[in-house]
Every structure is written in structure tokens, then in C-alpha cells.
Amino acid sequence: MQKTHTCGELRSSDEGCTVTLAGWVNRRRDHGGVTFVDLRDHTGLVQVVFNPDNSPEAHQDAVPLRIEWVIQVQGVVRKRPAGMENKNLPTGEIEIDVQELVVLNPAKTPPFPINKEEEVDEQTRLRYRYMDLRHERMAKNLVLRHKIVKFIRDYLDQQGFMEIETPILFKTTPEGARDYLVPSRVHPGEFYALPQSPQQLKQLLMVAGMERYFQIARCFRDEDQRGDRQPEFTQLDLEMSFVEREDIMTLTEDLFTNLVKEIVPDKRLLASPWPRLTYQEAMDRFGKDNPDLRFGMELGNISDLAGESGFKVFESVVANGGEVRGLNARGLGDYSRKQIDELVEYVSQFGAKGLAYLAITEEGERRSSFAKFLPPETLQTVIERFEAQAGDLLLFVADQPEIVFESLGRLRVNLADRLELRDPDVLAFSWIIDFPFVVWNEDEKRWDPSHHLFTSPMPEDVSLLDSDPGNARGQQYDMVVNDYEVGGGSIRIHDRNLQEKVFELIGLNPEVAAERFGHMLEAFEFGTPPHGGIAPGIDRLCMVLAGEPNIREVIAFPKNQAARDVMADAPSPVEPKQLRELNLRVVD
RNA sequence: GGUCCCGUGGUGUAGUGGCCUAACAUGCGGCCCUGUCAAGGCCGAGAUCGCGGGUUCGAAUCCCGUCGGGACCGCCA
């Protein structure tokens, strides 16, 4: 080895040791007579000293050193002179008196500073990702990610789980997201697909009797990007046999509760055990099925008052089957008309046509877009329902339920940011349960699975699949933390007849079902145990635990928003020869 | 497919119609300096203001187009 120690590990207890260190020049301070270099590796920094009194040769050799050069030094660990300690460094009690310096590799001036955290254009960061990853922040994130994955593996191993790899080249499933297709050279005109998740394969492992399976699984979806979505991402894919919903939730909750305590002890769990909300409750109280529970500001419903409110907007919406719901933004009662207009513009992108408001200033003065139309007793009921006081701002959306929930759910989070109600050190995990089994797809005029097509309905709701599918609930559970859905799972169907019934319900005709999922249906006839599982997203979880604003910060080599790798420049055109071999031709 | 925001030395910013022959910090090069740790001091180099067109006596600045990036909507079983 070219080093005996890492840069970050030396302490005053190592005083007197002769050590060899290797790393990057983080910073250099040349005082003419004596030169200091902060030597960096991924474990941290240590100060190395080139003193001509100690080694004239090494001091001379250090003259040309520049930032990011890779060097090796041999020297003795010394306590720093009294008063010269650096309390900002874990290694600040000591320094290395260098005897010998070897330049392992010089370096060009980096494209952006490595030794300080500065917001650099993300394209430049991605183009030189190997340099970006030298930043302390990024190194920390990758270490955190490693620890999280290792904890998961160790924990599940102790619980009797086995990690099993499943194929990356698999079969297309056009029901879900768009597939990445891989042409087959030996089968012209035929394609593999990269898995959107190992869903089918893990269920087949249950058929195989594996009983407790997991995998840190790469998944691929050819959809447009977001701050929390990449075309390839990693999930903890987990499946168990002979279990009910409760078993999966208990195990998952225990896993992640222990993980947080062990890996991010500075973060506080808001509630343990995790709160459980039904889908309906989550929507009624928070307007979304991935609610941030770190703050209140719950939604309230005044649809019952709106019908005879005297306010035409409310009345006509309710008459047309819509709803009027609102929330109380405590502390924004002094918002100006302009600031309220900003909020209106914000909710407009979710389809809301406006916001009805009632603001009460700190002095108790009321301003409102609708109060004047309301009978005094009705207005009083509204005020009481939202416990409105001086300094409060009530905001209402009147529209079809989906728009009301979407607008207010987003507005609630937006307002919480303005009021700084979202404590970054708190983790509010929760479970959302009792999802509708299917949702009506108005465009296609059919029922779509609300989770995926292998999810089992609640046993007591199976009869509803024929009579009233919209009211059937699925055995599905979502794991939510701080406004992010970080995992979804379900108890699966293990009965061929029920699976076929579900295919029929969602409008998959039997021939297509047989072609795409025949292997699943067949497997169900060979003694499939009751089973279920969950798939928490590793990237999102790392992002939340690292306190990062987007998923790219916890992925070593992410794609940009256009799904492009700007470092390697992928995707890229290929040689005509490759296309010929694959029997492909590019049109257009 | 759509909406919004951003492109100024290597990096981060300022400049929003003439005072710009483009400023500041940092980085880069050179010189000085034996205890700094964002070391310090002095000197120097470095930008056709993303690109193309237009308006104007005059454009980094206004307009149109285009390219690149980001946030979001659609999409994400």
C-alpha cells in the first residue's frame, strides 16, 4: 500500500508515529520559509508541514505543488505547537512533519473549486462528476448511502432474508411506465425490456418457496425526469410468503426505525410507531396521499355551508357536484393582495380557478373576497370551524374534488415553507392504507389499478369487484416520509381466478393477458403461497436522510433532466454495423 | 407535449439603454514572506456578456428566434 493511514484518522494519540499518507492537495499555504499543505482523502483533512529545518529536500520539492495534485508524504505525527491547534478539524491537534514527498500525479486546475462548497452550474458538475464527487458533501452522501444499504442488508439477513439477483434483461410490460427496450441480435425484431421493477420475478421467487427475499434492485423507467425521479433508480425490493399486510408493515417499520436511530442519530422521528392514515383520511386532512406530517394546517370542509352561502362561486360549484375546502395559514393574516395573488397563481397550475380568502390582520381587521356575501351566522361558523384568530389567513378552493385536494394539498406545503414549519431535522414517517383498489380512467373509459395489477383487493371487498369496483379497497400500503412517497407495497394475488378477474376488470383481454402474463397465471396453479411485499426507494430515502433537495445528489453518476449522461454523452448514435447486426434501422 | 425561471473571465456574482475600453470575490501565473489553516502583501494574465437576427445614433441590457440548463404540469401500473 502507498499509505499507512487515512488522512482523517490521525489523532494526538498517534504522536511520534512515522506514517505514510497519500491523497490530494486540498490547499497549500506557502510562507516562503515553511509550507503547509492540507492533505485530503475521502476520510478528511490533515495538515502536513514542509519545514526546511526538518527536511530541506522535501521543502524544496513542495514548491511546485498545486491544488488537486496527488501526492504521497512520509513523515512523523507531531502535536502542534501550543495555540496552533485547529478546532475545526478532527485532526486539528496534530500535523505531519514531512521527511519525504513524492508527487504521484500533478493535476490541471479544476473546473470548479473542490475545497469549498459553492453552488456550481449543475451541467458543469455532471460533466466533471468525478471532480464533483471529491466535494466533502458528495463524499458524505455516498458514505451515507453505503451505510444505509449495508444496514438494510445486515438487518434483513438477520431476519432470515436472502438477497437474490433477478434479470436485467426481461420482458416488456407496457401496462406501466414506458420500457427501455433492448434489441436482440439472435432474435431479429424481438426485444428485451429493462425491468421497471422485479415485481413478477419476486413473486415467482415466492412460488419457488424462497419465502423471504430481498434485493437492492436497479429499476428502469423511460419517463420524464423530476427532482425525485431518475430513469434508473434503486429500490429495496422485498417479498415475503405467508404474511398479511400487518407483517410487512411491522417489519418495514422496524427496519427503518432502527436504521434511522443507527445511521442518522441526529434526526428525530416525529412519531413511533408510525401514524397510519387511510387514503380517505389523508386526502380529507392533507389533500394528498403523501402528506407531510411535520406540521398541522389541516384542511377543512365547508361544502355544507357553501350551498346557501349567497356567494355564487361556492353555490354553483357545490350544485355541480364540487366541493369547497380550505385551510388556515396561521400568521399570514397580513399578506398583501399581491402576496395572495402569488398563491392564486401557484394553485392555478393545479387547476384551481382561484382562492377565496379571509384575512384577519394582527389588529383584527378583516379583508375577504367572499365574506360580504355570507349571512353573518354562516361566516361565524366558517371562522369557528377554522378557529380563525387575528393574524390568520383562511384560503378556500371551490372546484371538483380532485382539483380541490391537489390545490390545497400543494398549497399547504408551499405555505409551510413560507412559514418555515418544515423542520429539516425531523423525520415524519407514516403509513397510508386502504387505497381504492382501482381508479377510473376517464380518457380510456376503464378502471386502472391504483397500485399495480398484482395487488390483492381487501378480502371483504372482493365481491365489490363485480358490483361497485370504485368502492373496493386494495391491500396496499404506502410508506411516506416528509412529503415523499418512499415506498409502496401490497399483499399480492396468489389465486389464478382472482388474477384473471382483475385483468378483466382493468380491461385486459384474455389473449393479451395470456401473452404477457401467462407465466404468472400458470405459476399460480402450482401451489403459490399467500405473499406480499414492499419496495422502498433507496434514492429518495437517501435524499431525505441526507437533507438533499434532489435525488441526483445521492447518486454517483446521475442523468440530467433530459435523461442524458453529460459526462460520457449517453445516449449516443451507434455504428451502422451495430444496427445491421441488430436488424435495426433508424427512421426519420 | 406544455408552463415558468436562468445563461456575463476557470468558478460564483454585480452591471438591466450611453458613466462598460464590462466591476467584485475567488481561482490562475510571477515575486516577497518560517506557524498558517478561506494565510498575508505586491504585480500580472484572463470575458467578442450562450448563439443568430432585429430595434436604436448607441445593446450585456429591449424585441424575435434558437441552443443549453433547471423547476414544475402532463407522464411516472
Side-chain angles (χ1 to χ4, degrees), chain A residues 26-39 45-54 56 59 64 66-68 78 80-89 91-92 95 97 108-128 131-132 173-179 196-197 199-200 219-231 233 345-351 406-407 410 414 438-439 441 443-444 447-455 474 476 485 488 490 502-503 506-508 516-517 535 537 549-550 552 560-562 564 566:
Chain A
N26 192 63
R27 211 167 236 125
R28 120 181 199 285
R29 292 177 292 280
D30 182 353
H31 287 240
V34 63
T35 299
F36 301 94
V37 164
D38 293 335
L39 189 64
L45 295 175
V46 65
Q47 174 165 281
V48 300
V49 186
F50 298 90
N51 194 321
D53 303 339
N54 188 32
H59 179 256
R66 291 296 182 270
I67 281 171
E68 297 307 311
R78 297 276 186 229
R80 294 194 184 190
M84 297 299 160
E85 300 85 0
N86 184 345
K87 291 188 176 57
N88 298 321
L89 284 183
T91 60
E95 61 193 11
D97 266 341
K108 295 209 308 194
T109 303
F112 43 74
I114 307 298
N115 54 21
K116 63 175 170 183
E117 299 292 338
E118 195 171 71
E119 285 279 322
V120 177
D121 172 58
E122 191 159 355
Q123 190 171 25
T124 312
R125 290 177 58 199
L126 291 178
R127 171 151 154 52
Y128 300 97
M131 299 297 286
D132 189 41
T173 52
E175 288 69 31
R178 293 183 181 88
D179 281 323
Q196 297 179 25
S197 88
Q199 181 60 36
Q200 296 181 41
C219 306
F220 305 85
R221 294 179 190 175
D222 186 7
E223 296 294 346
D224 286 352
Q225 308 310 299
R226 289 291 186 281
D228 61 354
R229 269 167 30 193
Q230 281 273 301
F233 61 98
E345 195 183 328
Y346 178 72
V347 296
S348 72
Q349 61 181 311
F350 310 112
E406 175 85 1
S407 305
R410 302 289 201 119
N414 182 295
V438 285
V439 291
N441 182 333
D443 294 339
E444 307 281 341
W447 295 102
D448 280 343
S450 80
H451 184 216
H452 61 55
L453 64 190
F454 303 110
T455 295
Q476 179 195 344
E485 186 212 311
S490 64
V502 169
F503 284 163
I506 62 170
L508 203 61
R516 289 189 191 147
F517 303 112
N550 81 62
R552 297 184 294 275
N560 73 1
Q561 194 169 67
R564 188 163 274 286
V566 295

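Both backbone and side-chain heavy atoms feed into the values below; hydrogens, waters and symmetry mates do not. A, B, ... follow the sequence lines: proteins, then strands. Residue 1 opens every chain.
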Could you let me know what B:G68 is paired to, Watson-Crick or G-U wobble, both distances under 3.5 Å, or none if it's on its own?
B:C6
Under 4.0 Å between a Lys/Arg side-chain N and an Asp/Glu carboxylate O for A:D38 and A:R29?
yes
Report, as yes or no, whether the 6.0 Å neighbourhood of atom CZ on A:R28 holds more than 12 heavy atoms from other residues, nucleotides or ligands.
yes
Tell me: CD1 of A:I67 to C1' of B:U26, nearest whole Å?
10 Å
Mind checking the P distance from B:A45 to B:U34? Whole angstroms is fine.
28 Å
B:A60 and B:U48, which share atom name C1', separated by this distance in whole Å
12 Å
Rounded interatomic separation in angstrom, taking CD from A:E117 and C1' from B:U26
15 Å
Nearest-angstrom distance from the residue atom CD of A:E485 to C1' of B:A77
12 Å
Whole angstrom is fine here: how far is it from NZ in A:K108 over to C1' in B:G27?
15 Å
Please state how far atom CZ in A:R66 lies from atom P in B:G27, giving the value in whole angstrom units.
12 Å
Sugar-phosphate, base or nothing in reach of A:E119, heavy atoms under 4.0 Å:
sugar-phosphate
Which value, in whole Å, describes the distance between the C1' atoms of nucleotides B:U8 and B:A25?
15 Å
A:T35 near the nucleic acid: base, sugar-phosphate alone, or nothing, with a heavy-atom cut-off under 4.0 Å?
nothing
Nearest-angstrom distance, P atom, B:C4 to B:C64
12 Å
Check every atom of B:G1, B:A77, B:C28 against the side chain of A:T109 and return the nucleotide holding the closest atom.
B:C28
Across all strands shown, which nucleotide pairs with B:C76 by Watson-Crick or G-U wobble geometry, both distances under 3.5 Å?
none
For atom CG of A:N441 and atom C1' of B:A77, their distance in whole Å:
11 Å
Heavy-atom side-chain contact between A:R564 and A:L126 under 4.5 Å
no
Once base and sugar-phosphate atoms are separated, protein heavy atoms under 4.0 Å mark nucleotides 34-45 of chain B, 5' to 3', with B, S and - as BBBBSB------
Base paired to B:U48 (Watson-Crick or G-U; both N/O distances under 3.5 angstrom):
none
Taking only Lys NZ, Arg NE, NH1 and NH2, and the carboxylate oxygens of Asp or Glu, determine whether A:D132 and A:R125 approach each other closer than 4.0 Å.
yes
Taking any strand in view, what nucleotide pairs with B:C42 in a Watson-Crick or G-U wobble way, both distances under 3.5 Å?
B:G30
Here the pair of heavy atoms bringing A:Q123 nearest to A:V566 is O-CG2, 4.0 Å
Once you round to the nearest 0.5 Å, how far does CZ of A:R410 lie from OH of A:Y346?
5.5 Å
Assigned partner base of B:A60, Watson-Crick or wobble definition, under 3.5 Å:
none
Starting at CG of A:D224 and ending at P of B:G70, how long is that distance when rounded to a whole Å?
12 Å
To the nearest 0.5 Å, what is the distance between CD (A:E175) and CG (A:L453)?
6.0 Å
B:A77 phosphate, OP1 or OP2, under 4.0 Å from A:R516 side-chain N/O
no
Side chains of A:P449 and A:V502 in contact at under 4.5 Å (non-hydrogen atoms)
no
How far, in whole Å, is B:C75 from B:G2 if one measures between their C1' atoms?
12 Å
Using the C1' atom as the reference point in each nucleotide, state the distance between B:A71 and B:G35 in Å, no decimals.
48 Å
Mark yes or no for a side-chain to base donor-acceptor pair under 3.5 Å between A:D121 and B:G7, with no hydrogen or angle criteria applied.
no
Euclidean distance for P, B:C63 against B:C6 (whole angstrom):
12 Å
For a quick check of understanding: with a heavy-atom distance under 4.0 Å over all strands, which category does A:D448 fall into, base, sugar-phosphate or nothing?
nothing
Nearest 0.5 Å, what's the CZ-CG distance between A:R78 and A:N54?
7.0 Å
So which one's nearest nucleotide on RNA chain B is more toward 5', A:A177 or A:N550?
A:N550
How would you label the contact of A:Q561 with the nucleic acid (heavy atoms, under 4.0 Å): base, sugar-phosphate, or nothing?
base
Checking all strands, does A:R226 fall into the base, sugar-phosphate, or nothing category for heavy-atom contacts under 4.0 angstrom?
base
Whole angstroms only, please: what is the CZ-C1' distance between A:F112 and B:G10?
11 Å
I'd like to know if A:R229 reaches the base of B:C75 with its side chain such that a donor and an acceptor end up less than 3.5 angstrom apart.
yes
Would you measure the distance from the C1' atom in B:G7 across to the matching atom in B:G12 and give it in whole Å?
14 Å
